*Asks:* 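To start, I am sharing the structure in question, which I have written as structure tokens.
Predicted, not measured: the structure shown is a model, and the values here were computed from it.
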Amino acid sequence: MTAPDSRSETALAPTDARAVLVVVDVQNDFLPGGSLAVQDGHAVVPVINRLAGQFTHVVITQDWHTPGHISFASSHAGKQPFETTTLAYGTQVLWPDHCIQGSEGAALAADLAIPHAQLIIRKGFHPGVDSYSAFMEADRTTSTGLAAYLKARGLSRVFVTGLATDFCVAWTALDARQAGFETWVIEDACRAIDADGSLTKAWSDMTAAGVGRIRAADLG
Ligand code: VGL
Ligand code: ZN
């Protein structure tokens with residue numbers, strides 16, 4: 001007997017009752033022209049739209065910051081975007097102002113077409129705590145409630161897509177593993193910020209944690 005192949009069609013069927021597609025932060029501010037644009041970010045939209053059509057269960061995340069949020073460089077005198085600072089919960093990368101609650105920049109991409117998405121989970125809404133992950137905020141103790149939601153619904157196989165690979169996608173995938181979910185990242189449905197080697201580190205952390213790395217074509 002050989003070990004079950006995690007890439008077999010059965011393992012990766014999007015129609016599996018346990019499978020959920022998580023679409024991370026496909027919002028205007030992360031797209032070309034946005035305040036924290038991810039290079040080629042818009043390329044994920046058609047890939048995600050096509051994938052979403054294969055899944056029964058889809059959850060969308062939305063970065064949703066207060067004005068003057070602690071993760072903004074503009075909230076720290078003398079700091080520029082992409083510098084870091086030390087907060088009570090650890091090192092924080094400082095970002096341009098982005099995804100402010102109710103703003104056009106925080107809106108989901110207009111051409112994201114997932115009418116059957118079942119939940120939109122917002123994160124980063126506590127003024128003093130960032131949240132890259134859709135599961136746990138950056139203080140590593142405040143839960144967003146997503147793990148309990150998925151468990152309550154019997155959704156145990158998590159497929160992660162969206163923006164950005166090396167921040168919100170990676171943290172979401174790592175926390176999904178930590179919470180006991182089978183987890184895959186669909187790499188051609190993601191794009192990265194890639195600041196200071198962050199993309200290489202994200203993939204090595206994800207691989208070490210048992211996150212599967214697949215492409216959209218691997219889903220049967
Ligand atoms: C993100 C930086 C700041 C992301 C969100 O969606 O990856 N990155 N806020
Ligand atoms: Zn953010």
*Asks:* Does a donor on one side chain sit under 3.5 Å from an acceptor on the other, for Asp130 and Gln92?
*Replies:* yes
*Asks:* Could you list the residues that satisfy side-chain contact (heavy atoms from CB on, under 4.5 Å) with Leu21, not counting sequence neighbours?
*Replies:*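 So Leu21 forms a side-chain contact (heavy atoms from CB on, under 4.5 Å) with Val23, Leu51, Ala52, Phe55, Val58, Phe159, Thr161, Ile186.
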*Asks:* Step by step, would you call Thr66 with Ile100 a side-chain contact (heavy atoms from CB on, under 4.5 Å)?
*Replies:* CA-CA 6 Å; Thr66 50; Ile100 293 173; over 6 Å; no
*Asks:* Could you grab the distance from atom OH of Tyr149 to atom CG of Leu119, nearest 0.5 Å is fine?
*Replies:* 4.5 Å
*Asks:* Mind checking what makes side-chain contact (heavy atoms from CB on, under 4.5 Å) contact with Ala134, not counting sequence neighbours?
*Replies:* Thr61, Leu146, Thr172
*Asks:* Test of understanding: with salt bridge (charged side-chain N to carboxylate O under 4.0 Å, His left out), list the residues that count as partners of Asp194, not counting sequence neighbours.
*Replies:*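 Asp194: no salt bridge (charged side-chain N to carboxylate O under 4.0 Å, His left out) contacts found.
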*Asks:* Of the non-hydrogen atoms in Ser103 and Cys99, which two are nearest, and what is the gap between them?
*Replies:*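 The answer is OG-C, 4.3 Å.
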*Asks:* State, yes or no, whether a side-chain contact exists between Trp184 and Val158 at a heavy-atom distance under 4.5 Å.
*Replies:*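 No; the side chains remain at least 4.5 Å from each other.
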*Asks:* With sequence neighbours excluded, tell me which residues meet salt bridge (charged side-chain N to carboxylate O under 4.0 Å, His left out) with Asp166.
*Replies:* none
*Asks:* Quick one: closest heavy-atom pair of Leu94 and Ile70, and the distance?
*Replies:*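 Distance-wise, the nearest heavy atoms are CD2-O, 3.8 Å.
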*Asks:* Is Val22 linked to Met136 within one hydrophobic cluster, defined over Ile, Leu, Val, Met, Phe, Trp and Tyr using a side-chain heavy-atom separation of less than 4.5 Å?
*Replies:* yes
*Asks:* Kindly write out the residues that satisfy ring pair (Phe, Tyr, Trp, His ring centres under 6.0 Å) with Phe72, not counting sequence neighbours, or none if the list is empty.
*Replies:* His65, His69, His98
*Asks:* May I ask you to decide if Leu112's main-chain N or O and Asn49's side chain share a donor-acceptor pair within less than 3.5 Å?
*Replies:*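 Flag not set: sc Asn49 to bb Leu112 has no pair under 3.5 Å.
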*Asks:* Just by modelled atom types, is the Gly34 backbone N or O under 3.5 Å from a matching donor or acceptor in the Asp29 side chain?
*Replies:*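 Such a contact is absent between Asp29 side chain and Gly34 backbone.
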*Asks:* Mind checking what makes ring pair (Phe, Tyr, Trp, His ring centres under 6.0 Å) contact with Trp64, not counting sequence neighbours?
*Replies:* none
*Asks:* Given the rule in the side-chain contact (heavy atoms from CB on, under 4.5 Å) test, do His42 and Asp111 qualify, once you have shown the distances and angles that lead to the verdict?
*Replies:* CA-CA 10 Å; His42 203 256; Asp111 51 353; 3.0 Å; yes
*Asks:* With a 4.5 Å limit on heavy-atom distance, are the side chains of Ile114 and Ile60 in contact?
*Replies:*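 Yes - at least one pair of side-chain heavy atoms lies under 4.5 Å apart.
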*Asks:* Taking only residues at least two apart or on different chains, which pairs with a member in residues 201-220 satisfy ring pair (Phe, Tyr, Trp, His ring centres under 6.0 Å)?
*Replies:*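 Non-adjacent pairs meeting ring pair (Phe, Tyr, Trp, His ring centres under 6.0 Å): zero.
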*Asks:* For Phe181, give me all partners under ring pair (Phe, Tyr, Trp, His ring centres under 6.0 Å), at least two apart in sequence or on another chain.
*Replies:*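 Ring pair (Phe, Tyr, Trp, His ring centres under 6.0 Å) check on Phe181 returns Phe135.
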*Asks:* Salt bridge check: are Lys201 and Asp196 linked by an N-O gap of less than 4.0 Å?
*Replies:*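 Here Lys201 does not pair with Asp196 in a salt bridge, since their nearest N and O are not under 4.0 Å apart.
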*Asks:* Using salt bridge (charged side-chain N to carboxylate O under 4.0 Å, His left out) as the criterion, list what pairs up with Glu187, not counting sequence neighbours.
*Replies:* Arg213, Arg215
*Asks:* Arg153: what forms a salt bridge (charged side-chain N to carboxylate O under 4.0 Å, His left out) with it, not counting sequence neighbours?
*Replies:* none
*Asks:* Examine distances only and state if a side-chain atom of Gln27 and a backbone atom of Ala106 form a donor-acceptor pair shorter than 3.5 Å.
*Replies:* yes
*Asks:* Give a yes or no on whether Val129 and Trp171 share a hydrophobic cluster (residues Ile, Leu, Val, Met, Phe, Trp, Tyr; joining criterion: side-chain heavy atoms under 4.5 Å apart).
*Replies:*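 Each belongs to a different hydrophobic cluster.
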*Asks:* Roughly how far, to the nearest 0.5 Å, is the OG1 atom of Thr183 from the CE atom of Met206?
*Replies:*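 Here the interatomic distance stands at 10.5 Å.
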*Asks:* Would you say the side chain of Lys123 lies within less than 4.5 Å of the side chain of Asp25, judging by non-hydrogen atoms?
*Replies:* yes
*Asks:* Got a donor-acceptor contact below 3.5 angstrom from the Ser35 side chain to the Asp97 backbone?
*Replies:*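 Yes; at least one donor-acceptor contact below 3.5 Å.
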*Asks:* Is any side-chain heavy atom of Leu108 closer than 4.5 Å to a side-chain heavy atom of Gln62?
*Replies:*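 Of all side-chain heavy-atom pairs linking Gln62 with Leu108, at least one is under 4.5 Å.
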*Asks:* Which atoms form the tightest heavy-atom contact between Ala110 and Asn28, and what is the distance?
*Replies:* N-OD1, 4.4 Å
*Asks:* What are the two closest non-hydrogen atoms of Val211 and Ala173, and how far apart are they?
*Replies:* CG2-O, 3.9 Å
*Asks:* Please give me the minimum heavy-atom distance between Leu163 and Val44, naming the atom from each residue.
*Replies:* CD2-CG1, 4.1 Å
*Asks:* Report the distance from atom SG of Cys168 to atom CG of Asp63, rounding to the nearest 0.5 Å.
*Replies:*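 Between atom SG of Cys168 and atom CG of Asp63 there are 5.0 Å.
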*Asks:* Show every donor-acceptor pair shorter than 3.5 Å between a side-chain atom in residues 78-87 and any protein atom, with sequence neighbours excluded, or say none if there are none.
*Replies:*
residue: Lys79; atom: NZ; partner: Thr84; partner atom: O; Å: 2.9
residue: Glu83; atom: OE1; partner: Gln80; partner atom: N; Å: 3.1

*Asks:* So, do Phe30 and Phe167 sit near enough that their side-chain heavy atoms are less than 4.5 Å apart?
*Replies:*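 Side-chain contact under 4.5 Å: no.
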*Asks:* Just wondering, do Val26 and Val45 contact through their side chains at under 4.5 Å, heavy atoms?
*Replies:* yes
*Asks:* Mind running side-chain contact (heavy atoms from CB on, under 4.5 Å) on Asp16 and Arg157 for me, showing each step along the way?
*Replies:* CA-CA 9 Å; Asp16 187 297; Arg157 304 189 140 179; 3.5 Å; yes
*Asks:* Judged by atom type as modelled, is there a donor-acceptor pair below 3.5 Å linking the side chain of Asp175 to the main-chain atoms of Gln178?
*Replies:*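 Looks like no, no N/O pair under 3.5 Å.
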*Asks:* Rounded to the nearest 0.5 Å, what separates atom OG in Ser131 from atom CZ in Arg122?
*Replies:*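 Rounded to the nearest 0.5 Å, the OG-CZ separation comes out at 14.0 Å.
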*Asks:* Any side-chain heavy atom of Ile121 sitting closer than 4.5 Å to one from Val59?
*Replies:* yes
*Asks:* Please check if Val160 and Leu150 belong to a single hydrophobic cluster, counting links between Ile, Leu, Val, Met, Phe, Trp and Tyr side chain heavy atoms closer than 4.5 Å.
*Replies:* yes
*Asks:* Restricting to side-chain hydrogen bond (donor to acceptor under 3.5 Å, both in side chains), what partner residues turn up for Asp40, sequence neighbours left out?
*Replies:* Arg191
*Asks:* Looking only at heavy atoms, what is the nearest atom pair of Ala189 and Val47, with distance?
*Replies:*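 Where Ala189 meets Val47 most closely, the heavy atoms are CB-CG1, 3.9 Å.
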*Asks:* If you round to the nearest 0.5 Å, how far is CZ of Arg18 from CG of Leu155?
*Replies:* 10.5 Å
*Asks:* Using a 3.5 Å distance criterion without hydrogens, assess whether the side chain of Thr207 forms a donor-acceptor pair with backbone atoms of Ser204.
*Replies:*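 It does not hold such a pair.
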*Asks:* Please check if the number of heavy atoms outside Gln118 that lie under 6.0 Å from its CD is greater than 12.
*Replies:*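 Yes.
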